Number of protein chains: 2
Amino acid sequence: MSDVSISPGLPQSGLEQPVSVFEMIREDIISGRLEPNERLKVAELSDRYGTSTNPVREALQQLRGEGFVIMEPNRGARVLPIDEAFVRDIIEIEVLIEPTLTRWFVSIATDADIAALEAAQAEIEAVNFSDATRHGQLDTRFHQLIYDRHYNRHAAELWWKHREILRAIARRYPTSLSRRAAVLSEHRELIARIKAQDADGAAAVVAQHVEGSGRHIIEQMGAAKRLRP
Amino acid sequence: MSDVSISPGLPQSGLEQPVSVFEMIREDIISGRLEPNERLKVAELSDRYGTSTNPVREALQQLRGEGFVIMEPNRGARVLPIDEAFVRDIIEIEVLIEPTLTRWFVSIATDADIAALEAAQAEIEAVNFSDATRHGQLDTRFHQLIYDRHYNRHAAELWWKHREILRAIARRYPTSLSRRAAVLSEHRELIARIKAQDADGAAAVVAQHVEGSGRHIIEQMGAAKRLRP
DNA sequence: AATTCAAAAATAATGTACGATCCAATCAAT
DNA sequence: ATTGATTGGATCGTACATTATTTTTGAATT
């Protein structure tokens, strides 16, 4: 394979700003500036991003291909609407993939890798959920340290796509105190298992971590719906 | 969720012909009429399909989003080039997903479902690899009977997408006699496990089936490369 | 004469503009 | 309530401008 990725793929730093219309719309969806289920009118968007309609249409098609946007014939595009079932579906896939990626990491992790993980975790604990967006970034980076090392780029990119979708949802809801505690302790536990070269243990922690994260989001979605249906 | 799929999704019969430019290009990629790594020039394609350039450009963007096409800035689109590592990556994911989908099927399968599976298998054995394309269709349908029943549409669509990619590759290579025998016996074994309500057994057979299929494709790719490098 | 390199031409992607047509949702009138 | 006209917006087509890439050409050097 060349250095050409089949999709935008994983960013190197996570700090660069979007340049293409595609990236800008994508970013607006993930960051929540475009609501789930919101209609995406080509004219509006081309205006918003200061381009003509063609680039917008092409960007929407690409987003459709990636699953961030749905389109109905002659009725245009909408931001992917997300319900509990959708989150559950993604989480079920991640529960299969992430432990597998983690197992590989355990087998190749160096001291430097573990030090990087511990540093990332220290940052997470320092922020301590005071800034939700910042926590999201750091948490993503923590896991990215693990998954980026995997030889299966396809699986890593799938994780990344799911991660972005989940991030787009999760940012609309608060994180409960109990979930916060669980996140921290599971991260610590994960590092410990990696250090101990316990691949199965690490995989089990990750599975629990992913599942807990999914359950938490689904519960928050339900709670929010009960408040304002 | 509504009845709107996030992507073209799974067809009902598998027999209808493509209508949109998107579907036609996709079909030409999967069927091999467009070679892996072949350049996809907008003007050529718009000519080929009798449309203007705009629909072609949008179709290519959508295909890029789905991963069938890669694009480099200012250098246009190419059909996804496929190497052994790519097949391995997809197979590794399928080895995780398909057994899980199968487990669910075992828990909900009715007599009618099993009869349908047996009928599909009978057809496969009747064709007996005499027509590779036909076998491919039937084999896809066999597994589709299982996966279509799953509540996780996201996972089922992922399977479908991977299936199509693998089909596009596999059709370029012959199926060895030993692989043919393995396919038939594994299918029979799978049906037996499902009948016996042995979810773990069925999942194990599927895992072996997927892995064997991947190994076979990779071996054929290697063999072909050794002949004409 | 052969080789190298740079300028120029050709090719093709990308972006803009705009008009035609079609679909479906809304509103009006029967 | 059904039908029919209006209208917003998507879809598709055409044409052309701009920019980047690739190929060709031709001059200069070895």
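Every chain is numbered from 1 and lettered A, B, ... according to where its sequence line falls, protein lines coming before strand lines. A quick note: this is a predicted structure, and the numbers were derived from the prediction, not measured.
Partners of B:R167 by side chain to side chain contact (heavy atoms under 4.5 Å, CB included), not counting sequence neighbours, listed by chain and number: B:I30, B:T140, B:E164. Under the side chain to side chain contact (heavy atoms under 4.5 Å, CB included) criterion, A:R75 pairs with A:E72, sequence neighbours left out. Residues satisfying the side-chain hydrogen bond (donor to acceptor under 3.5 Å, both in side chains) test with A:E219, not counting sequence neighbours, are none. Scored by the side chain to side chain contact (heavy atoms under 4.5 Å, CB included) test, A:T110 finds A:A112, A:D113 as partners (sequence neighbours excluded). Under the rule for a side chain to side chain contact (heavy atoms under 4.5 Å, CB included), the partners of B:E211 that lie at least two apart in sequence or sit in another chain are B:V95, B:R215.
Rounded to whole angstrom, the span from the CE atom of A:M71 across to the P atom of D:dC12 amounts to 9 Å. One atom, CD of B:E72, and another, P of D:dT21, lie 10 Å apart when rounded to the nearest Å. If you measure from atom CD of A:Q62 to atom P of C:dT14, you get 11 Å, rounded to the nearest angstrom. Rounded to an integer number of Å, the gap from B:Q61 CD to C:dT14 P is 7 Å. Computed from coordinates, the A:L45 CG to D:dT11 P distance equals 13 Å when rounded to whole Å.
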Between N or O atoms, less than 3.5 Å apart, protein on one side and nucleotides 6-9 of chain D on the other: list the pairs.
residue, atom, partner, partner atom, Å
D:dG9, OP1, A:K41, NZ, 3.0

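Note on B:R75: every side-chain N or O is 4.0 Å or more away from OP1 and OP2 of C:dT14.
Among residue pairs with one or both ends in residues 35-44 of chain A, those qualifying as salt bridge (Lys or Arg N to Asp or Glu O under 4.0 Å) are A:E35-A:R172; sequence neighbours excluded. For the ring pair (Phe, Tyr, Trp, His ring centres under 6.0 Å) condition, no pair includes a residue of residues 55-74 of chain A, sequence neighbours left out.
Of the residues in residues 49-59 of chain B, those with a non-hydrogen atom less than 4.0 angstrom from any atom of DNA chain D are B:T51, B:S52, B:N54, B:P55.
Note on B:L40: only backbone sugar-phosphate atoms sit closer than 4.0 angstrom, heavy atoms only; bases stay farther off.
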Verdict with supporting geometry, B:R141 and B:Q144, side-chain hydrogen bond (donor to acceptor under 3.5 Å, both in side chains): CA-CA 5 Å; B:R141 205 173 71 197; B:Q144 202 173 356; over 6 Å; no

